[in-house]
Amino acid sequence: DGGITQSPKYLFRKEGQNVTLSCEQNLNHDAMYWYRQDPGQGLRLIYYSQIVNDFQKGDIAEGYSVSREKKESFPLTVTSAQKNPTAFYLCASSIGDRGRYNEQFFGPGTRLTVL
Amino acid sequence: RKEVEQDPGPFNVPEGATVAFNCTYSNSASQSFFWYRQDCRKEPKLLMSVYSSGNEDGRFTAQLNRASQYISLLIRDSKLSDSATYLCVVRYSSASKIIFGSGTRLSIRP
């Protein structure tokens, strides 16, 4: 089955620790994205990557880092510099600029709680 | 003013009713438009893309009005399973500029 997987589903972190969220897709999509969603709010873009070995900051990149060494994988690290990391993190992918409408497809999300 | 605005609701309607939401966007350079559905504590799922001429998928109809800069979603014969938050999404010319609305909550009662 083709799709996007994220792990873990729930993650607890102590203050001051870095933590890495996994995102993998087997849809052969070029573009991948990380979003953060807080209760009652829309999605905010953290980072995106349109091609392997390249990525760009989104609207709220401070305190986060990413890598895109493989087309299928786009891990997100939440660093201790992120002041309010507790949130629902969503990874998405899309065909990229090859596609006319370029719809995004989402993984199931990781719910991060800082204790 | 937000780039993409939606009425947060909640819209509380009886089963079988017709309900419609609008979503306004501020940037006329917007290129593509989508409606996503998000269930509580789940990821958003694509409901439908919105085509310039409008499009229909079963009980769902999406319309685009570029002159007034809004898109709409109409749900006919609503089902209990339609209860969810509906997110309006606008994409600009670059793959990176994708703006999500905050969503409209819909609750269908028996």
Side-chain angles (χ1 to χ4, degrees), chain A residues 3-7 9-10 21 23 25 27 29-51 54-61 66 87-113, chain B residues 1-10 21 23-27 30-55 57 62 64 71 84-107:
Chain A
I4 306 172
T5 57
Q6 289 185 243
S7 61
K9 188 172 182 180
Y10 297 97
L21 282 56
C23 178
Q25 55 98 0
L27 299 167
H29 283 173
D30 288 327
M32 296 187 75
Y33 312 80
W34 273 105
Y35 292 91
R36 168 185 174 136
Q37 187 176 35
D38 293 283
Q41 297 191 32
L43 279 65
R44 293 184 290 166
L45 182 65
I46 304 172
Y47 267 97
Y48 66 96
S49 168
Q50 296 191 54
I51 197 168
D54 185 55
F55 49 83
Q56 306 294 331
K57 292 182 179 180
D59 300 319
I60 55 165
V66 293
F88 187 37
Y89 289 87
L90 288 156
C91 178
S93 70
S94 71
I95 196 168
D97 289 337
R98 291 184 285 128
R100 183 180 176 191
Y101 291 100
N102 203 7
E103 301 94 335
Q104 292 185 325
F105 297 90
F106 286 84
T110 292
R111 207 164 287 278
L112 173 64
T113 303
Chain B
R1 183 186 173 191
K2 291 182 181 178
E3 290 189 79
V4 176
E5 292 202 71
Q6 296 183 250
D7 182 339
F21 324 126
C23 165
T24 58
Y25 60 94
S26 60
N27 192 324
S30 302
Q31 185 178 60
S32 306
F33 307 88
F34 310 92
W35 283 104
Y36 280 74
R37 170 198 169 122
Q38 186 174 25
D39 292 296
C40 188
R41 300 178 71 82
K42 298 283 191 181
E43 75 274 23
K45 293 188 177 176
L46 180 66
L47 181 65
M48 54 199 306
S49 302
V50 186
Y51 304 147
S52 296
S53 55
N55 48 302
D57 183 1
L64 167 63
I71 65 172
T85 296
Y86 290 83
L87 304 174
C88 165
V89 181
V90 174
R91 184 173 81 90
Y92 299 138
S93 56
S94 71
S96 62
K97 192 67 172 174
I98 301 171
I99 308 295
F100 283 77
S102 299
T104 296
R105 275 181 49 210
L106 173 64
S107 178

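The residue among B:Q38, B:K42, B:K45 with the most heavy atom pairs within less than 4.5 Å of chain A is B:Q38. Among A:S49, A:G107, A:P39, the residue with the largest count of heavy-atom pairs under 4.5 Å with chain B is A:G107.
Looking at every heavy atom in both residues, B:E43 comes nearest to A:P108 through OE1-CA, 3.6 Å.
At a threshold of 4.5 Å between non-hydrogen side-chain atoms, the residues B:Y36 and A:L43 do not count as touching. Residues A:Q104 and B:F100 meet the side-chain proximity criterion, which asks for heavy atoms closer than 4.5 Å. The closest side-chain heavy-atom distance from B:I98 to A:Y48 is not below 4.5 Å.
Interface remark: A:F106 contributes backbone and side-chain atoms alike to the contact with chain B (heavy atom separation under 4.5 Å). With a threshold of 4.5 angstrom between heavy atoms, B:R105 does not approach chain A through any atom at all. Proximity to chain B (any heavy atom under 4.5 Å) is restricted, for A:Q37, to the side chain, taken from C-beta onward. Neither the backbone nor the side chain of A:R44 comes within contact range of chain B, judged by heavy atoms closer than 4.5 Å. Neither the backbone nor the side chain of B:Q6 has a heavy atom closer than 4.5 Å to any heavy atom of chain A.
Within the model, atoms CZ of A:F88 and CZ of B:R41 stand 8.0 Å from one another, a figure rounded to the nearest 0.5 Å.
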